[in-house]
Protein chains: 2
Amino acid sequence: MAFDQIDRRILELLQRDGRMTNVELAERVGLTAPPCLRRVRALEEAGAIRGYHADLDAATLGYPITVFAMVSLRSQAEQDLAAFEAHVATIPEVRECHMLNGEIDFILKIVASDLKGFQEILMTHLTPAPNVASVKTSLTIRTAKALPGIPVRVG
Amino acid sequence: MAFDQIDRRILELLQRDGRMTNVELAERVGLTAPPCLRRVRALEEAGAIRGYHADLDAATLGYPITVFAMVSLRSQAEQDLAAFEAHVATIPEVRECHMLNGEIDFILKIVASDLKGFQEILMTHLTPAPNVASVKTSLTIRTAKALPGIPVRVG
DNA sequence: CATGAAAATTTCTTACT
DNA sequence: AGTAAGAAATTTTCATG
């Protein structure tokens, strides 16, 4: 599928404001509402738009702690990697899990209500998990930049 | 400000589907539309909801490469930390920048169109930046989990 | 084949209770 | 928090280049 300039403009605008009305979106990209809506639906169908999410303030809602955990496993056999992924999928505080190349096998983004809660997750669910060789964690002091998704060239 | 069960339910639903209509939202939380909309506006005002974003598929839109970069600086004086943050803020491919405790000063999430593009960012904008002592990068092989935001207890 | 106009439906939003 | 009403947006249908 090919995305033209109007499609990219739509993507950029909806990434910036996911609740923009279709009428405003249409105006901004220079279309009327119906063809604009059809393009949005097509972008959703094509998988270019995976969904829409409210961006919640973690600290305000009781999760002031964000931690990155670098995890190394003993075995990197595919079934062992998959088993670890399946395990972390069950931990609600683990919001992201990315498999990396190199020494570190996974990087996890974890949120917690306090340090005690973080330690609980670490000691109870992560360090003792099967096949885990090492877990190195770093607390987030502050987040300087957190843009959604990707840069969208509207050139 | 205190959030009750209904507020939390609203937050959970909008985090899951940021374009849910207020009518459907109201039905799901057991209110009629007007008080539900008032709650949503109040949550936005209070900063609990920071915004809404379309979740775009990076690979489909020309950014198949995601890299995590662990950056250490020579000086951790506040002005030098802030200068680095201001610098990465100008690089569109750097989507996230978190200041960490410990050996690593910052973790960056970077997207790129290909390895050449990534190398370009690394060599041109990151490694030679003022005050940068070391940059260790890891390519993302696959992302096993990527939930938005935070767990919302609706108990 | 995508756009646009028009119309029907649904949603949003305000005023009031 | 809910009801009711007016305004606005969404969505379908249909005509056009």
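All values below come from the heavy atoms of this structure, side chains included, with hydrogens, waters and symmetry mates left out. Here is the naming used below: chain letters follow the sequence lines, and residue numbers restart at 1 for every chain.
Considering only heavy atoms from C-beta on, B:Val152 comes within 4.5 Å of B:Gln15 through its side chain.
Heavy atoms only, all atoms of each residue included: A:Arg50 and B:Leu56 are closest at NH2-O, 3.8 Å.
Atom CD1 in A:Ile6 sits about 10 Å away from atom C1' in C:dT3, given to the nearest Å.
Contact check on A:Glu78 versus B:Arg142 returns a salt bridge, with a Lys/Arg side-chain nitrogen under 4.0 Å from an Asp/Glu carboxylate oxygen.
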Protein within reach of the bases, or only the backbone? For nucleotides 3-17 of chain D, mark each nucleotide 5' to 3' as B, S or -, using heavy atoms under 4.0 Å. BB----SBSB-----

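Within the 3.5 Å criterion, the main-chain N or O of A:Ala133 finds no donor-acceptor partner in the side chain of A:Arg74. Not one N or O on the side chain of A:Thr60 forms a donor-acceptor pair closer than 3.5 Å with the backbone of B:Ala48.
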